[in-house]
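Heads up, the thing below is written out as structure tokens.
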Number of protein chains: 2
Amino acid sequence: MSEQPIQTYTRADDAFDCLQTAIVKGELEPGEKIGELELCARFNLTRGPLREALGRLESRGLLVRRPHAGVKVVSVSATELMELYRVREVMEGLAARQAAERMTDQEIADLLATLDSHEQMIEEAQGLAYYQAEGDYDFHYRIATGSRNTKLVQILLGDLYYMVRMYRYRLSTSAGRPLRALSEHRRIVEAIAQRDGELAEFLMKRHINAARKNIEKKIQAGVLTL
Amino acid sequence: MSEQPIQTYTRADDAFDCLQTAIVKGELEPGEKIGELELCARFNLTRGPLREALGRLESRGLLVRRPHAGVKVVSVSATELMELYRVREVMEGLAARQAAERMTDQEIADLLATLDSHEQMIEEAQGLAYYQAEGDYDFHYRIATGSRNTKLVQILLGDLYYMVRMYRYRLSTSAGRPLRALSEHRRIVEAIAQRDGELAEFLMKRHINAARKNIEKKIQAGVLTL
DNA sequence: CTTGAATCTGCTGTTAACAATACACTCGTC
DNA sequence: GACGAGTGTATTGTTAACAGCAGATTCAAG
């Protein structure tokens, strides 16, 4: 038993994870030009695996690379961030629809339980940041995997979320939003529980759209610099 | 003048392109386990750049890699291919909508001209394969770029199209489809020309849906093995 | 003859040295 | 004094040799 193939990790994988989280958490500033050996010293690895990781990150759009000129963290403009949310809108809408068709009853029950715990989080922390950063991510993460759509999961979890989280980190969450977001989450799960894919898709798209407008408002108000 | 930054190409880039086209054209069979030095000999390069290219391709989902066990070309099941088309449906729908809002009049005129040349292609070749393989790709390519949505372009052109084309190559095109597809293309462009984003999105989604059903039918008929 | 384990080979992962290129600085000239 | 060309250095791209793991083969025992 325990026939798990013991996913052996390589240093390139470690480098990839380290860099990705470093970028997401803002330890590496967007637009910052960074040298390879500097990174090697920082994460205790050699250039071979590092370069492989850099290639992967570039391919995912978190880095930009100019030959012989070095790599720099991608800096997304305000409009590009909005475009990203437009993509999320249709992708997560699809995810919600397929999740409604395919999630098991057990998964749906778990998802509901997760929402309860999120509610507690919000109350306890009077709470803002944590929910937006992790809880919300958790919710969308589960729906994505619940879609059973390999490519969809790959894009949402592999590409989009990391970029979204990257900006969440420097985005003070607005006061009223978490509670409203939670109620929107509940309605989405209700639709999924009723196996109403069409409704789930509609609600999810509206949910993402609301989040987008929320950020847009902040940018125009000058809260978010970029 | 000529201030083009002379995009200097590195060997890793070459390796990436070579491998990608080799996979797309079916020169490397799906599921085939391939050794690194074998590839080095085949494409005249060394392991360093090759490994970097392999990392990028894995990150894009065209290869799967098991540590110490080698790489193999991804083999997509029939259901996974259908899921891919579902993703395309919503993504290209969005692309069409945004293209209707943002393409210049010149671009639209060019697109129409392209469709005319496609029509000629079909007539000349009594034609099936070429249109489906390249012309159709060209059409969708232009609409994607016309959306002016960086991330959308990145995903559609970087991830999805190569995988779609990979299966187009071993998919004998059905007789009636090209002409019908062309007329669908025309109607989409008309909607774009009228700046009717909503309609363009609807027509594009229906177009992709029809293509999906077409393939689905073939798979059930046993024409396509996978 | 089958099954199990231990070795052994070949590959992948890693490392360190080499070559080529872009950026910066200096020097010369206008 | 300002601008341009040429050189120099530092960083990236590349190559080749080393280390470690996975799978295959072989041998022995039941």
- Task: Quick one: list whatever passes ring-ring contact (aromatic ring centres under 6.0 Å, His included) with A:Y162, sequence neighbours left out.
- Result: none

- Would you please name every residue forming a salt bridge (Lys or Arg N to Asp or Glu O under 4.0 Å) with B:R142, sequence neighbours left out? B:D138

- Query: Just how far, in rounded Å, is P of C:dA22 from OH of B:Y9?
  - Reply: 15 Å

Where do N or O atoms of nucleotides 11-13 of chain C meet protein N or O atoms at under 3.5 Å, pair by pair?
| unit_1 | atom_1 | unit_2 | atom_2 | d |
| --- | --- | --- | --- | --- |
| C:dT12 | OP1 | B:E36 | N | 3.0 |
| C:dT12 | OP2 | B:E36 | N | 3.1 |
| C:dT12 | O3' | B:H68 | N | 3.3 |
| C:dG13 | OP2 | B:R51 | NH1 | 2.4 |
| C:dG13 | OP2 | B:R51 | NH2 | 3.2 |
| C:dG13 | O3' | A:T10 | OG1 | 3.1 |
| C:dG13 | N7 | B:R47 | NH2 | 2.7 |
| C:dG13 | O6 | B:R47 | NH1 | 3.0 |

- Using the test salt bridge (Lys or Arg N to Asp or Glu O under 4.0 Å), find all partners of A:E101 that sit at least two apart in sequence or belong to another chain. none

- Task: Would you kindly give the CG-to-C1' distance between B:D13 and C:dT21, to the nearest whole Å?
- Result: 15 Å

- Do any pairs count as a side chain to side chain donor-acceptor pair (under 3.5 Å) and have a residue in residues 149-160 of chain A, sequence neighbours left out, and if so which ones? A:Q98-A:N149, A:N149-B:E83, A:T150-B:E80

- Query: Looking at residues at least two apart in the chain, or sitting in another chain, which of them share a salt bridge (Lys or Arg N to Asp or Glu O under 4.0 Å) with B:R51?
  - Reply: A:E52, B:E36

